[in-house]
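All residue numbers in this chain count up from 1 along the given sequence.
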Amino acid sequence: MSITKSGLGETETSTRIELRNLALTDFLQLRDSMAKAYPTWEDFWTKKQLKKLLTIFPEGQLVVLVNDTVVGVALSIIVDYSQFGNDHTYEQITAQDTFNTHDSDGDVLYGIEIFIHPEYRGMRLGRRLYDARKELCENLNLKSIVFGGRIPKYNEYADEIGPKEYIQKVRRREIYDPTLTFQLSNDFHPLKVLKNYSQGDVDSLEYAVLLEWNNVYYQKKQKVVNQQKTVIRLGLVQWQMRPFKDMDALTEQMEFFVDAVSDYQSDFIVFPEFFNAPLMAPHNHLPESQAIRELAAFSDPLRKIAQEFAVNYNVNIILGSMPYLDGERLLNVGFVCRRDGSYERYEKIHITPSESSAWGMVGGNTVKAIETDCGKIGVLICYDSEFPELSRLLADQGMKILFVPFLTDTPNGFTRVRNCSMARAIENECYVAIAGSVGNLPRVNNMDIQFAQSAVYTPADFAFPTNGIKAEATPNTEMTVIADVDLELLKELHEHGSVRNLKDRRNDLYELKLLPKKS
């Protein structure tokens with residue numbers, strides 16, 4: 001709204017902005033605005049060309065008006081991008097301006113024009129056109145927006161630097177390019193430099209930057225059955241340590257929780273670290289290192305029972321952790337028992353000082369994201385959550401949900417697991433679910449007391465809880481926690497979050513990689 005005062009009183013005028021689809025009657029105003037936007041150009045859009053675009057793809061042609069005058073435009077087509085790839089020219093992508101390359105069954109929205117009348121720049125009208133394009137891309141379920149962006153200031157620097165270095169300097173804000181700077185600020189990222197892209201673009205010396213915006217909501221055509229879910233329901237067991245007379249009694253309690261959690265149609269149920277420790281009570285008279293090896297005898301039988309539960313109750317079971325003898329090596333391992341009957345083993349990599357000194361336990365060697373019907377997950381057992389490298393390796397493998405079965409005896413031990421797990425959610429743009437044990441085992445050495453508050457943690461951004469806590473249990477009380485996590489929110493965070501931890505890593509400065517296993 002603008003107000004103009006005069007000696008005779010006040011007159012009030014409104015600035016009206018409208019964004020809509022292009023109509024053929026807009027041609028003369030569009031041509032006038034284009035002439036002002038490109039004062040050195042001689043070739044402009046013809047009425048015949050616009051009519052063709054409106055015939056084949058009317059919803060892809062957009063204009064913005066100020067006080068009923070066309071001052072900006074965005075034109076686009078849909079292409080099967082596999083037919084062109086990242087090496088193409090403007091003439092090739094538009095079939096010499098005939099637009100015969102338009103394919104309504106294609107997968108990419110290709111931008112062939114966008115401009116704003118110079119007198120109306122600074123009103124964020126270009127942003128409105130880009131946002132409308134993005135919305136169109138999402139509504140049509142297209143994979144991305146791609147276009148060749150001009151670099152009109154490059155001719156001023158061409159004697160000193162090449163186009164690649166020019167783009168880098170623009171990205172670092174060392175050079176201001178009115179077109180490229182604006183496109184980068186609208187979440188488009190460069191794919192490569194295109195040479196001889198647009199004949200006659202003397203300002204850009206016929207170079208262009210191939211730019212892309214990815215639609216995080218894009219979905220390939222799915223099969224009617226066995227579609228991968230995007231909202232995943234997690235069930236955490238805050239397990240009460242108590243005496244059990246035998247393995248049958250312990251598995252009865254396991255089945256109680258599996259049954260209860262599956263009634264809520266949960267996709268996962270998580271048990272804590274060393275949840276089977278009560279079975280060590282009959283061996284308490286033995287040295288600790290021998291007693292824990294007696295407990296390891298139950299690990300494979302419990303895994304087989306968990307596999308049956310997973311199938312019968314249609315839920316993926318994260319079987320906490322248990323001592324496990326691999327030849328002479330005593331490991332701390334767990335199992336992902338999938339509801340299709342298959343399973344995967346995961347290992348604790350970092351052994352605590354007490355596990356090493358009391359039991360002679362050693363660390364495992366496998367760090368691997370695990371495929372499930374709900375996408376890739378990771379599991380880190382207790383102390384491993386305090387080493388950020390492990391979760392980052394899993395994130396690089398595609399992990400979206402990290403499970404942390406733990407056992408801590410004191411509040412300060414729990415604080416380490418909790419705070420580190422919350423950090424893992426932020427830095428890896430993932431959900432983290434932790435499950436621990438409560439209560440006492442007075443007749444089991446090295447397992448006397450337990451402290452836990454099981455929880456589900458999230459990244460810290462606008463789509464998630466402010467404190468990063470999706471759900472949590474009452475401390476030191478046997479119970480379950482049921483929580484839904486939305487994987488689509490992680491996609492949006494990865495592309496458009498306030499901060500983008502995974503994208504903003506300085507891979508040019510440092511890297512993280514797994515070393516080959518020693519034989």
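- Going from atom CE of M361 over to atom OG1 of T352 covers 8.5 Å, rounded to the nearest 0.5 Å.
- Donor-acceptor pairing under 3.5 Å is recorded for the side chains of S454 and Q238.
- Here salt bridge (charged side-chain N to carboxylate O under 4.0 Å, His left out) pairs that include residues 237-248, with residues two or more places apart or in two chains, are R242-E478.
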Assess the residue pair Y130 and F182 against the criterion (ring-ring contact (aromatic ring centres under 6.0 Å, His included)); give the C-alpha distance rounded to whole Å, side-chain angles, the decisive distance to 0.1 Å, and a yes or no.
CA-CA 10 Å; Y130 275 134; F182 178 71; 5.5 Å; yes
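- Classification of the F271-W239 ring pair by plane angle, with boundaries at 30° and 60°, yields perpendicular.
- A donor atom on one side chain and an acceptor atom on the other are not found under 3.5 Å apart for T230 and E488.
- Here K143 does not pair with D107 in a salt bridge; the nearest charged N to carboxylate O distance is not below 4.0 Å.
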Show the numbers, then the answer: is there a side-chain hydrogen bond (donor to acceptor under 3.5 Å, both in side chains) between N332 and S321?
CA-CA 6 Å; N332 185 348; S321 85; 2.8 Å; yes
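- Ionic pairing of E135 and R133 is not present here: no N-O contact between side-chain nitrogen and carboxylate oxygen is shorter than 4.0 angstrom.
- No option in I377, I434, L394 other than L394 meets the side-chain contact (heavy atoms from CB on, under 4.5 Å) test with L402.
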Taking it one step at a time, do F268 and F403 satisfy ring-ring contact (aromatic ring centres under 6.0 Å, His included)?
CA-CA 10 Å; F268 291 95; F403 295 97; 5.1 Å; yes
Determine, stepwise, if the pair F147 / F188 fulfils ring-ring contact (aromatic ring centres under 6.0 Å, His included).
CA-CA 10 Å; F147 58 86; F188 289 90; 5.0 Å; yes
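- Listed by chain and number, the residues in a ring pair (Phe, Tyr, Trp, His ring centres under 6.0 Å) with F387 are H350, Y383 (sequence neighbours excluded).
- Under the 6.0 Å distance and 45° angle rule, R424 does not count as a cation-pi partner of Y457.
- Interatomic distance, N215 CG to N141 CG, rounded to the nearest 0.5 Å: 7.0 Å.
- Of the inter-residue distances, the one linking F257 atom CZ with Q240 atom CD reads 9.0 Å to the nearest 0.5 angstrom.
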Given side-chain hydrogen bond (donor to acceptor under 3.5 Å, both in side chains), test Y217 with E492 step by step and report yes or no.
CA-CA 8 Å; Y217 300 110; E492 186 168 357; 2.5 Å; yes
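- Looking at heavy atoms from C-beta onward, K304 lies out of side-chain contact with Y343 at the 4.5 angstrom threshold.
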Enumerate, atom names and distances included, each donor-acceptor pair closer than 3.5 Å involving a side-chain atom of residues 461-474, sequence neighbours excluded.
unit_1 : atom_1 : unit_2 : atom_2 : d
D461   : OD1    : S498   : OG     : 2.9
D461   : OD2    : S498   : N      : 2.8
N467   : OD1    : I469   : N      : 3.1

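- A salt bridge does not link E511 with R505: every distance from a Lys NZ or Arg NE/NH1/NH2 to an Asp or Glu carboxylate oxygen is 4.0 Å or more.
- The closest donor-acceptor contact from the side chain of S299 to the backbone of P323 lies under 3.5 Å.
- Both the sub-6.0 Å distance and the 45° axial angle are satisfied by R303 relative to the ring of F335.
- We find that R338 and D340 are not joined by a salt bridge, their nearest charged nitrogen and carboxylate oxygen being 4.0 Å or further apart.
- The residues R128 and D131 are annotated as not salt-bridged, no charged nitrogen and carboxylate oxygen being separated by less than 4.0 angstrom.
- Of the charged side-chain nitrogens involved, at least one lies within less than 4.0 Å of a carboxylate oxygen, so that E495 and K503 count as a salt-bridged pair.
- Residue I318 holds its CD1 atom at 10.0 Å from CD1 of I269, rounded to the nearest 0.5 Å.
- With respect to the salt-bridge test (charged N to carboxylate O, under 4.0 angstrom), the residues D177 and K169 do not qualify.
- A salt bridge links D267 to K229: at least one charged side-chain nitrogen sits closer than 4.0 Å to a carboxylate oxygen.
- In this structure, S342 OG and E371 CD are separated by 11.0 Å, a value rounded to the nearest 0.5 Å.
- Remark: S82 engages D80 in a side-chain contact (heavy atoms from CB on, under 4.5 Å) (not counting sequence neighbours).
- Counting only residues at least two apart or in different chains, ring-ring contact (aromatic ring centres under 6.0 Å, His included) contacts with residues 300-323 are absent.
- In this structure, a donor-acceptor pair under 3.5 Å is absent between the side chains of N501 and N428.
- Checking side-chain atoms of Q450 against main-chain N and O of S437 turns up no donor-acceptor pair under 3.5 Å.
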Would you check, one step at a time, whether the test ring-ring contact (aromatic ring centres under 6.0 Å, His included) holds for W359 with Y324?
CA-CA 12 Å; W359 295 334; Y324 188 87; over 10 Å; no
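- Remark: I449 engages D409, N440 in a side-chain contact (heavy atoms from CB on, under 4.5 Å) (not counting sequence neighbours).
- A salt bridge is defined here as a Lys NZ or Arg NE, NH1 or NH2 lying under 4.0 Å from an Asp or Glu carboxylate O, and E273 with K348 meets this definition.
- In this structure, the side chain of S144 does not engage the main chain of V146 through any donor-acceptor pair within 3.5 Å.
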